Engineer: 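Provided herewith is a single structure, encoded as structure tokens, for subsequent inquiry.
Source: prediction; values computed, not measured. Hydrogens, waters and symmetry mates are skipped; everything else that's a heavy atom, side chains included, is used. For ligands, and for the atoms within them, numbers begin at 1 and follow the listed sequence.
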Amino acid sequence: MQSDLIKRGREELRQVRKRSRALFWTVGLFSAFANLLMLTGPMYMLQVYDRVLGSGSQETLVALSLLVVFLYAVMGILDYTRGRIMGRVGARFQDDLDRRVFDAVVRKSAVAPDSKTNASLADLESVQRTLTSPVLMAAFDLPWTPIFFAAIFVFHSYLGIMALLGGAVLVVIAIANQMLSRGVQARANMAAQHAASMADQIRTEAEMVQAMGMREAAFGRWRKARTVALEGQVRAADVGGTFSSMTKTIRLFLQSAMLGMGAYLVLKNQLTPGAMIAGSILLGRALAPVEMMLNQWPILQRGMVGWSNLTELLGTVAPEGPRTELPKPKAALVAKNLTVVPPGEKQASLKSISFKVEPGQAVGVIGPSGAGKSTLARTLTGVWRPAGGSVRLDGAALEHYGTETLGQHIGYLPQRVSLFDGTIAQNIARLADVPDDAKVVAAAKMAAAHEMILELPDGYDTVVQAGQVRLSGGQMQRIGLARALYDEPVILVLDEPNSNLDNTGSQALNHAIRAMKAAGRSVLIMAHRPAAIQECDTLLVLDGGMRMAFGPKDEVLKGMVKNHQEIQQAPAGSGGVS
Ligand SMILES: Nc1ncnc2c1ncn2[C@@H]1O[C@H](COP(=O)(O)OP(=O)(O)OP(=O)(O)O)[C@@H](O)[C@H]1O
């Protein structure tokens with residue numbers, strides 16, 4: 001199953017890469033010519049030493065030099081152009097996948113956030129960086145290495161054998177480097193990611209960290225993670241550095257050894273001096289891609305890790321196919337034998353519960369902590385999928401609406417409201433670049449936030465989260481309510497809506513609920529406090545994920561009080577919840 005998902009993710013990435021196939025071929029073609037032109041230097045040496053110096057002809061030297069200038073210019077243009085093409089291939093790859101990866105990250109994080117998913121956009125960037133890095137050019141040059149070796153063989157078989165042996169040693173070093181540094185580098189990257197996400201969390205909760213005197217402790221924890229990351233990076237750099245120094249030394253030695261062997265062959269009259277120099281230059285060319293790959297190994301390795309993480313992410317979060325657009329639903333919600341298991345958990349938080357919400361109804365969902373109220377809110381808003389049973393909105397299963405559309409039909413006020421960088425209006429309009437002013441004001445009025453917003457320095461255009469304005473918990477909650485009410489959702493799900501509201505705020509909330517009911521829309525309110533369920537006509541009582549009661553508010557409350565009294569009056573050791 002897991003391997004099927006990985007296969008699906010890999011196939012998706014391959015399809016995106018395939019879109020640049022023509023460009024890859026072009027780069028391959030340019031590389032072929034650029035590599036052939038790399039023979040210019042050795043050929044020039046050969047001609048200068050063996051022909052010009054022998055004949056003393058200055059004209060030949062000038063003619064050869066002019067030709068070489070031209071050939072090098074062509075090679076430079078080819079090399080520059082293929083670099084530019086690969087730059088665009090990388091940018092296109094990232095551009096093609098930005099939306100898909102962003103969606104997958106949001107969808108996966110909404111269900112089960114983890115640091116690996118958090119780093120997915122960085123993974124995409126690492127693949128893009130690999131595509132545009134010199135290491136990929138080296139991969140295009142690598143197939144031409146045999147041609148350079150063959151040319152050396154043409155000069156003399158001894159030189160060819162020496163070059164081949166040297167090349168083989170470098171390849172062995174490259175493989176050893178790959179094998180030994182892979183684990184070290186991956187662990188270093190993971191540790192760095194962990195330290196960065198810990199720092200992020202501490203920064204987000206800076207107020208609490210400061211207020212509770214947790215700075216030292218937070219620093220201690222972060223430093224521990226940071227030290228692990230640093231140690232890992234040093235170890236990875238040590239391994240990489242060792243191999244890259246070995247390669248450099250061996251290559252330099254090989255070039256000198258080639259000259260030495262060449263000189264010996266010249267002395268034996270088996271080789272010309274030009275071939276001796278040319279052979280040494282050719283060896284340098286032949287080994288350059290191997291050396292480049294070794295030096296740039298961390299980039300390549302990070303890119304490979306990024307590729308494999310993206311494979312997993314895209315495999316596990318399938319793309320959302322197009323959905324047949326359903327008409328705007330009526331506010332009729334039916335949950336049947338609904339069972340919900342939180343992601344990564346084994347135990348269900350909601351166990352086979354059923355209830356019905358009619359248009360114009362306000363349903364209070366009450367129960368002690370951990371009863372499953374927030375779980376129900378997350379399920380109704382489509383964030384968590386039911387493990388069993390179903391929830392239908394106007395007859396259609398929630399997943400038939402598609403997440404974006406469902407978000408428009410079901411307004412949601414979470415327990416903890418957070419606002420995004422942008423103006424109040426953009427926040428109410430759910431981050432629309434150009435908010436519909438009339439809808440923004442209507443939503444704010446319905447949430448009784450209009451006057452409060454007008455008192456802010458720039459009214460609806462006040463920028464939040466940029467350090468200019470700090471809003472109180474109650475103000476945030478009212479703006480959150482306006483955001484939930486934006487664009488007239490048919491159902492409103494409020495999770496502990498008045499935890500931060502003062503009297504006026506609570507009254508405004510009740511007013512909004514009444515307005516929703518009057519418009520034939522419905523509201524579900526998850527609550528601890530009775531003030532929140534004042535406007536509810538129906539109650540759903542949850543405990544331990546089970547439905548304890550469902551019905552008209554007064555009946556349910558009466559039943560609860562009666563039950564409560566019976567429990568109080570029962571002799572110790574008997575009775576229970578009926
Ligand atoms: N993100 C989560 N991952 C795993 N388990 C969760 C998650 N959220 C809630 N749970 C579990 O689901 C159960 C119900 O929690 P839920 O938050 O729905 O209760 P609640 O009634 O909203 O409580 P409260 O009134 O305290 O907010 C709890 O046992 C909790 O441990």
Engineer: Under 4.0 Å between a Lys/Arg side-chain N and an Asp/Glu carboxylate O for E11 and K7?
Structural biologist: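 The answer is no: the pair does not qualify as a salt bridge.
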Engineer: Which residue pairs pass the side chain to side chain donor-acceptor pair (under 3.5 Å) test when at least one of the two sits in residues 478-488, sequence neighbours left out?
Structural biologist: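 Those involving residues 478-488 are K439-D487.
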Engineer: Measure the spacing between CD1 of I525 and CG of L540 and express it to the nearest 0.5 Å.
Structural biologist: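 The CG atom of L540 is 12.0 Å from CD1 of I525, to the nearest 0.5 Å.
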Engineer: For the pair R99 and D103, find out whether any cationic side-chain nitrogen is under 4.0 Å from an anionic carboxylate oxygen.
Structural biologist: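 Answer for the salt bridge query: yes.
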Engineer: Answer yes or no: is there an ion pair linking D95 with R92, defined by an N-O contact shorter than 4.0 Å?
Structural biologist: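 Judged by the 4.0 Å cut-off on N to carboxylate O distance, D95 and R92 do not form a salt bridge.
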Engineer: Write down, by chain and number, every protein residue that brings a non-hydrogen atom to less than 4.0 Å from an atom of ligand 1.
Structural biologist: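 Within 4.0 Å of ligand 1, the protein residues are P342, E345, S349, P368, S369, G370, A371, G372, K373, S374, T375, R378, W384, Q415, H528.
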Engineer: Measuring from Q415:CD to Q477:CD, what's the distance to the nearest 0.5 Å?
Structural biologist: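 That separation rounds to 9.5 Å.
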